[in-house]
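Note on naming: letters A, B, ... go to the chains in the order of the sequence lines (proteins, then strands), and numbering restarts at 1 for each one.
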Amino acid sequence: MVTGSPGVRRSAAADRGPRGPLIWALGLAGCVAAASSFAYALESDVVSGQLGEPFVVAFLVNWNTAAYVLCGLLAWSRRPESRFGLLLVAAGFANFLSTLSWTTSSVLYTFGQALDFLPPILFLHVFLAFPTGRLETRLERGIVVTGYTAAISLELLRMGVGGFGPRNLLEVAPSAEIGLWALRAQLLVVGCLCLAGVGMLAVKRRRRGPSLRRTHALLVDAFALGLVMIAVLFFVIAFGGPAVLHIRWATLATIGLAPLAFIVALLHERLARSSLGGLFVDLHGDPEPFELRDALARALRDPSLTLAYWLPDFQSYVDLDGRKTELPVESGRGVTLIDRSGARVAALGHDAALEDEPELLEAVTAAAGIALENARLHAELHARLEELRGSRLRLVAAGQRERQRLERNLHDGAQQRLIALSLELSILEQELDHDPALARRLASARDEIASSLEELREVSRGLHPAVVSGHGLEVALEQLAARAAVPVRLLVTVRERLPETLEVAAYYLVSESLANVGKYAAATSASVEVVRRADDVLVEIVDDGVGGADESRGSGLRGLADRVEALGGKLRVWSPSGGGTRVRAEIPCVP
Amino acid sequence: MRAVIAEDSILLREGVTRVLSDAGVEVVGACDTAEELLVKVRTHTPDIAIVDIRLPPTHGDEGMRAAAEIRARHPTVGVLVLSQYVEVGLAMKLLADSAEGAGYLLKDRISDVKEFVAAVERVAGGGSAIDPIIVSTLLAKRRNDDVLMELTPREREVLELMAEGRSNQGIADLLVITLRSVEKYVSTIFDKLGLPSGATDSRRVLAVLLYLRS
């Protein structure tokens, strides 16, 4: 079975998340909490005295409690592996707990008041943790931790120095001045942290760039707006600005927008399911493998979508052309593995935000199953061809190295020794000028050696053209042209040295072709052209002979075609009867 | 006469040294790399440098490049390149625009001691020594050439020997004819080929080779 690495999810959802009863119980608790808090608010002297119109405040605050709890539960049930839903639920309940300060009980009042500044920080935490539920950077964690610390510790300090009335159980030593400064510090710190949060959201949004899907962009904007409003409210309170009352209402309403935006995004996702219809139409038309990605990208509304196919024999992912590719696990993108009948087929690389729509991903990948399997086979074929091409090239190169080594051995060994031997005999011959018969025999022995050397030279040249390696194609081809059976016009427009395998292949191609001209063509002249082009080398040998050549006529030409093809090139022969012969090779050569 | 040798086969290096010493040539340096060769030529300024075309480290074109460098920097030093393959393209590359003090021979030629020493002396004296294979390859290439067809067999022989870099006297000795008749053949050949006569031995080498190659 498949093991998923971190950040990788499987398309078949394995666990179905939290159980129904727990969800229902929490949902009910949220509603009861909101309702009871609503009731205290209407009675509370704190609300009517400090926060204004009790009904409006009670509605806005408790709307937030209920909305965050319910949206959180919805998110949690849909994506149990993300902590975002739980965080939303926690924010809702913390919001409720802070309203305990509206009750008449001193204990509950003290507890609720101590948590008075907790909700804004929790909202900040929720917004920064979208969509995974985790704070991903150290900076984000720093902002949130500083926020919690400032919110709680300054609140306790303020309660310690009094000014909250008789229900405050924490009062130790009253000091109105310290209380005022602590309040200002608290407002400014939390306000500034909210603005920093807005900055972080902007950075995230910019980094995700155009790949950020529209509904998520809307959510992030709603979050940012909420944070800005919190900051504005706190600054206005700290500096005694105007219209605090209305700004507070607006702020509470804005924070309440975020769950609404979340619901809109969910609805959008449901609507998006209709884009599956388009996918079915696309798939019905038997798309070519290369069209599949675009069809999936349209269905998932993710233009950045990438597809990688799994090749079990290679134990790696490849693209459609069979080239090895890595899953984008590290880069903060989402990865969905697609299995069919227990076997891995492919992996989708997509916008991480798509992980909030597991049903859509699942539906799309299920619909595209057969098409994906086809594309995987296509990719596998390409990978195997690529592998074959590579091994052919390595075989040619290895063969050439071996022949080159043999040529060197002959050159440095037998050939040198024979020359030295012949020299020795020659010296002997000079010393023996009083015995003409013996001198003649020595001379004939030297002739034998000369013939052997001549034969060895031919063998060496067949093994490896040392002139090509040492001095390049142009020099080596001049000798071939000069030795040809018919006058040869030679044109070489290669100024630089080319890869050795290519030079050697071109040399043997010209050599074999000119030999064929001499043997079969009955030509009066021939031409050889070697032209360096943008990304290949053209080698062309043309004669004006009788034509009618085919590859079966000599194994030489077939072998050369193999060699040229192994280098990724093409060899073609035109030889109409009576129309001469044209051998043309194009061998890739990327500078 | 003083010579420097660069040859990486110790057998041949010693053989050539011995043959030259026996012939009264002073071998002032023998080495096995192109770098050492250049140093020795700079220090000794010999009359001739005898260079194996294939020298370490890559056994590619090191010997050829060293030969070209000596020809460019030390015009008084003759350069004789030895190789187990003789190629028209390499011969023309070595000569470039002058055959003066330049030689290119198949390595096998060493074993014909008399001929080899004569070639060394020619190159050291500012003449040329071009391997007969080069000349015959070029002649074979031009076998359908009308002008060359007009040459008598004797004239062709003289043309070949001339292209190898031999002097008129050398040709006369080899063909066992008088110097006077060689001179006559040479001027007839030059007339037929349409080349200006009266050049020095090595100038006419280049002229003939270029004519045959074109």
Side-chain angles (χ1 to χ4, degrees), chain A residues 404 407-408 410-431 443 445-447 449-454 456-458 460-461 465-488 490 492 497 500 524-525, chain B residues 7-19 22-23 52-56 58-65 82-94 106-117 133-145 209 212-214:
Chain A
Q404 203 162 356
E407 191 273 342
R408 268 289 299 283
L410 268 186
H411 177 272
D412 295 347
Q415 285 174 304
Q416 309 273 34
R417 277 172 200 284
L418 281 176
I419 294 171
L421 177 62
S422 177
L423 178 61
E424 193 63 37
L425 293 184
S426 170
I427 292 167
L428 264 179
E429 196 183 322
Q430 281 184 329
E431 289 170 4
R446 285 210 301 122
D447 286 346
I449 295 175
S451 314
S452 305
L453 277 168
E454 188 55 45
L456 272 181
R457 250 195 300 282
E458 283 308 310
S460 289
R461 197 190 295 276
V467 183
V468 176
S469 315
H471 307 277
L473 254 185
E474 192 173 9
V475 166
L477 291 184
E478 176 157 11
Q479 181 72 9
L480 283 183
R483 277 168 44 135
V486 297
V488 174
L490 177 66
V492 181
R497 291 300 302 270
E500 199 173 13
T524 60
S525 73
Chain B
E7 161 67 66
D8 70 324
S9 153
I10 185 159
L11 222 54
L12 292 185
R13 194 164 67 232
E14 286 178 353
V16 170
T17 306
R18 180 170 152 209
V19 164
D22 289 353
D52 180 5
I53 201 166
R54 246 173 132 170
L55 286 174
T58 70
H59 296 90
D61 64 347
E62 284 93 343
M64 194 66 184
R65 271 188 286 138
L82 296 178
S83 169
Q84 288 200 14
Y85 41 79
V86 292
E87 302 256 341
V88 171
L90 284 176
M92 302 319 284
K93 202 169 159 186
L94 174 71
L106 193 62
K107 234 179 211 181
D108 306 16
R109 309 293 176 214
I110 300 170
S111 67
D112 191 339
V113 173
K114 253 189 240 154
E115 266 292 305
F116 178 63
V117 171
I133 291 181
I134 299 283
V135 181
S136 61
T137 304
L138 285 172
L139 273 171
K141 179 184 153 190
R142 298 290 298 263
R143 66 187 167 284
N144 295 328
D145 189 286
L209 288 179
L212 292 178
R213 186 202 197 197
S214 65

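One distance of note links CD of B:Gln84 with CG of A:Asp412; it measures 8.5 Å at 0.5 Å rounding. The line from CG of B:Leu90 to CD of A:Gln479 is 8.5 Å long, rounded to the nearest 0.5 Å. To the nearest 0.5 Å, atoms NE2 (A:His411) and OG (B:Ser9) are separated by 9.0 Å. Rounded to the nearest 0.5 angstrom, B:Asp22 CG and A:Ile427 CD1 are separated by 6.5 Å.
Side-chain contact between B:Val88 and A:Glu478 is present, with heavy atoms from C-beta onward closer than 4.5 Å.
For the residue pair B:Ile110 and A:Leu423, the shortest heavy atom distance occurs at O-CD1, 3.5 Å. A:Gly470 and B:Asp61 make their closest contact through O-CB, 3.1 Å (heavy atoms, listed as atom of the first residue, atom of the second, distance). Nearest heavy-atom pair, B:Ser111 versus A:Ile419, reported as atom, atom and distance to 0.1 Å: CB-O, 4.4 Å. The heavy-atom pair separating B:Asp8 from A:Gln416 by the smallest distance is OD1-NE2, 4.5 Å. In plain terms, the two heavy atoms of A:Ala420 and B:Leu12 that are nearest each other are N-CD2, 3.7 Å.
Looking at B:Val19, only its side chain comes within 4.5 Å of chain A, counting heavy atoms on both sides. With a 4.5 angstrom heavy-atom cutoff, A:Arg461 touches chain B only via side-chain atoms. For B:Arg213, the part sitting under 4.5 Å from any heavy atom of chain A is the side chain, from C-beta outward, and nothing else. For chain A, the nearby part of B:Arg18 is the side chain; its heavy atoms alone come within less than 4.5 Å. Looking at B:Ile53, the atoms closer than 4.5 Å to chain A (heavy atoms on both sides) all sit in the side chain, from C-beta outward. There is no contact between A:Val488 and chain B, counting heavy-atom distances below 4.5 Å. Neither the backbone nor the side chain of A:Glu429 comes within less than 4.5 Å of any heavy atom in chain B. Proximity to chain B (any heavy atom under 4.5 Å) is shown, for A:Glu474, by neither the backbone nor the side chain.
Listed options B:Val86, B:Leu138, B:Val113, B:Leu11 were ranked by heavy-atom pairs under 4.5 angstrom with chain A; first place goes to B:Val113. Across B:Met64, B:Lys93, B:Lys141, B:His59, the residue that shares the most heavy-atom pairs under 4.5 angstrom with chain A is B:His59. Chain B forms more heavy-atom pairs under 4.5 Å with one residue of A:Ala443, A:Ala485, A:Ser460 than with any other, namely A:Ala485. The greatest number of non-hydrogen atom pairs below 4.5 Å with chain B, out of A:Ser469, A:Ala476, A:Ala466, A:Ala484, is found for A:Ala466.
Comment: A:Arg483 does not engage B:Glu87 in a salt bridge, judged by the lack of any side-chain N to carboxylate O separation of less than 4.0 angstrom. Between A:Arg457 and B:Asp108 there is a salt bridge, with a side-chain nitrogen of the basic residue lying less than 4.0 Å from a carboxylate oxygen of the acidic one.
No more than 12 heavy atoms of other residues, nucleotides or ligands lie within 6.0 Å of CZ in A:Arg417, so this atom counts as exposed by the packing criterion.
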